[in-house]
Amino acid sequence: MARFPLPSVPTRLIDVEVADGRRRGADLAVLVPAGADAPVAGVEHTGKAGEVRRLPGGDVRWLVGIGEGGPAHWRAAGAALAREAADVKAVQVELDADVTGEQVAELTLGALLGGYRFKVSGDAEQPALRTLRLVTADTGHQRVVERARVLAGASALARDLANTPSNVKNPEWLADTAARLAGEVPGLSATIRDEQWLAAQGFGGVLAVGGGSASPPRLIELTYRPRGAVRHLLLVGKGITFDTGGLSIKPADGMHLMRTDMAGGGAVIAAALAIASLRLPVRVTALVPAAENHVSGSSYRPGDVVRHYGGRTTEVSNTDAEGRMVMADALAYGIRRFSPDAVVDVATLTGAMKVALGLRTGGLFATDDKLADEIREAGASVGEAWWRMPLLDAHADAVRGELADVKQAPGGPGGITAALFLREFTEGLPWAHLDIAGPARAEKPYAEVVPGATGFAARTLVAFAEAFGSDQA
């Protein structure tokens with residue numbers, strides 16, 4: 001384990017407070033719509049979303065563009081302000097009377113996440129900014145800010161977990177951290193399953209993938225059971241704490257990014273914490289199979305046949321397709337053990353999704369049209385974009401095994417065949433698979449995203465659970 005100090009998990013975000021008056025001495029930022037005249041004489045500002053201009057003196061310190069006023073524009077404005085004002089302790093913004101709750105939520109979300117920082121350094125210096133003060137007479141905005149804070153906290157925690165270096169973040173660390181954080185949220189419980197339990201229960205996929213590492217695998221199980229909840233949602237997240245590719249080893253270029261290969265699991269853990277914090281009326285079970293895919297004499301091999309939980313067998317083609325191996329165990333276990341009403345899994349699963357959709361859109365596969373629409377709408381409501389991909393039955397036979405029940409990596413359209421493989425373990429339940437290989441990481445800042453892990457999918461899962469719990473149909 002590392003001997004140097006790490007940023008705290010969860011990382012501290014700035015405070016956003018709602019007040020009915022300005023605080024004397026705090027710097028003021030003024031929001032400027034696109035095309036509007038700058039409120040300071042002699043200063044030019046286009047009002048483009050996210051455009052920030054720092055002024056040398058006077059009552060107004062910054063001009064911040066909010067563009068045409070759409071949700072993404074307000075989010076970009078908040079993020080840009082947090083970055084530009086990182087050297088002061090507090091910033092205040094006066095909100096016009098016609099500013100809506102949605103706009104306040106987006107501004108808050110952008111400021112909280114745009115100012116996010118995770119850096120392992122001997123230099124303890126952190127951004128000075130601690131408080132964003134929203135000046136408004138509308139006291140209802142306080143509730144909006146509180147919900148935005150929980151959503152931002154979910155994204156930030158998912159970033160924390162994925163950004164943590166893998167010489168610290170082995171399966172045990174991830175499990176212990178999830179259990180510690182769950183213990184701080186009323187109504188949420190954690191059960192951690194070790195390698196002995198996994199062997200006794202027949203989690204062949206998790207054990208195969210984790211068999212090459214000195215750090216044994218874990219299954220993280222988070223449970224939230226609010227009184228009166230009618231519907232039950234199962235969430236499953238890939239928890240590969242580092243991925244060398246195993247014997248089918250990856251190229252050196254880019255392997256350092258594989259500390260984020262558990263971004264799906266991080267999103268699921270963070271979402272479960274947020275769902276319980278918001279006391280949403282839906283039962284949730286969250287499973288994260290955690291393993292390190294390493295290279296050693298005990299690594300699993302191409303050509304092996306692995307028996308999963310429940311008995312189905314998989315013929316291994318490529319040890320770098322390890323995510324679906326651990327996810328198959330967790331899906332089979334979660335469905336058989338808990339009998340949920342619907343299942344959603346999240347994983348950085350295939351490079352094919354990065355090719356198909358780029359780095360800002362998640363791939364959405366689903367067996368149920370209503371489920372797909374609800375996830376897509378939930379994502380849109382919190383600023384995360386999803387594109388539905390086809391589960392083409394023309395390729396279903398490709399995942400049928402010759403030596404075993406199914407083939408792990410049969411070739412063909414990689415994102416689709418990976419999803420079809422996972423579908424074999426879903427027992428016909430309404431199921432959605434979210435492939436976040438592209439948007440889980442960022443190389444440069446945009447909107448509320450900063451370089452590194454993005455926390456993508458955490459907010460979508462919370463918003464979806466909110467809608468799923470309120471829909472009793």
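All values below were derived from every heavy atom in this structure, side-chain atoms included, with hydrogens, water molecules and symmetry-related copies excluded.
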Value rounded to 0.5 Å, distance of [atom1] in [X] from [atom2] in [Y]:
X    : Y    : atom1 : atom2 : answer
L112 : L132 : CG    : CG    : 8.0 Å
Y333 : F338 : OH    : CZ    : 4.0 Å
E322 : H294 : CD    : NE2   : 12.5 Å

With a 4.5 Å limit on heavy-atom distance, are the side chains of [X] and [Y] in contact?
X    : Y    : value
V150 : R147 : no
H433 : F421 : no
R218 : D194 : yes
F242 : M255 : yes
R83  : V450 : yes
V462 : L278 : yes
T314 : H308 : yes
V236 : V344 : no

(request) Please work out which of the three classes, parallel, tilted or perpendicular, describes the rings of F203 and Y309, given edges at 30° and 60°. (result) tilted

(request) Please determine if E146 and R143 form a salt bridge, counting it only when a charged side-chain N lies under 4.0 Å from a carboxylate O. (result) no

(message) Between D373 and R376, does any side-chain N to carboxylate O distance fall below 4.0 Å?
(response) yes

(request) For F464 and L371, run side-chain contact (heavy atoms from CB on, under 4.5 Å): C-alpha distance rounded to whole Å, both residues' side-chain angles, the deciding distance at 0.1 Å, then the answer. (result) CA-CA 9 Å; F464 169 68; L371 180 62; 3.3 Å; yes

Side chain of [X], backbone of [Y]: donor and acceptor closer than 3.5 Å?
X    : Y    : value
S298 : S213 : no
S248 : G245 : no
T426 : R423 : yes
T348 : D261 : yes
Y224 : G187 : no
K407 : E402 : no
E448 : A79  : no
R324 : Q408 : yes
T260 : A453 : no
T223 : T285 : no

(message) Using the salt bridge (charged side-chain N to carboxylate O under 4.0 Å, His left out) criterion, which residues pair with R159? Sequence neighbours excluded.
(response) none

Quick one: closest heavy-atom pair of [X] and [Y], and the distance?
X    : Y    : value
A457 : V346 : CB-CG1, 3.9 Å
G266 : L161 : CA-CD1, 3.9 Å
I375 : A432 : CD1-CB, 3.4 Å
A272 : L188 : O-CD2, 4.0 Å
A372 : A366 : CB-CB, 3.7 Å
L403 : E315 : N-OE1, 3.2 Å

(request) Using the side-chain contact (heavy atoms from CB on, under 4.5 Å) rule, take Y300 and V209 through it: C-alpha gap first, then chi angles, then the decisive distance, then the call. (result) CA-CA 7 Å; Y300 78 128; V209 172; 3.9 Å; yes

(message) Among R259, K238, K250, exactly one meets salt bridge (Lys or Arg N to Asp or Glu O under 4.0 Å) together with D243. Which residue is that?
(response) K250

More than 12 foreign heavy atoms under 6.0 Å from [atom1] of [X]: is that the case here?
X    : atom1 : answer
E184 : CD    : yes
R307 : CZ    : no
R301 : CZ    : no
W197 : CH2   : yes

(request) Would you please name every residue forming a side chain to side chain contact (heavy atoms under 4.5 Å, CB included) with A447, sequence neighbours left out? (result) none

[X] and [Y]: side chain donor to acceptor below 3.5 Å:
X    : Y    : answer
T241 : N170 : no
T244 : N293 : no
D341 : H232 : no

(request) Assess whether side-chain contact (heavy atoms from CB on, under 4.5 Å) is satisfied between L434 and L364, documenting all intermediate values. (result) CA-CA 5 Å; L434 309 181; L364 164 61; 3.4 Å; yes

(request) Could you check L219, I220, L287 and say which one makes a side chain to side chain contact (heavy atoms under 4.5 Å, CB included) with R193? (result) L219

(request) Output, in order, the C-alpha distance, side-chain angles, deciding distance and verdict of side-chain contact (heavy atoms from CB on, under 4.5 Å) for L359 and Y446. (result) CA-CA 11 Å; L359 304 181; Y446 61 90; over 6 Å; no

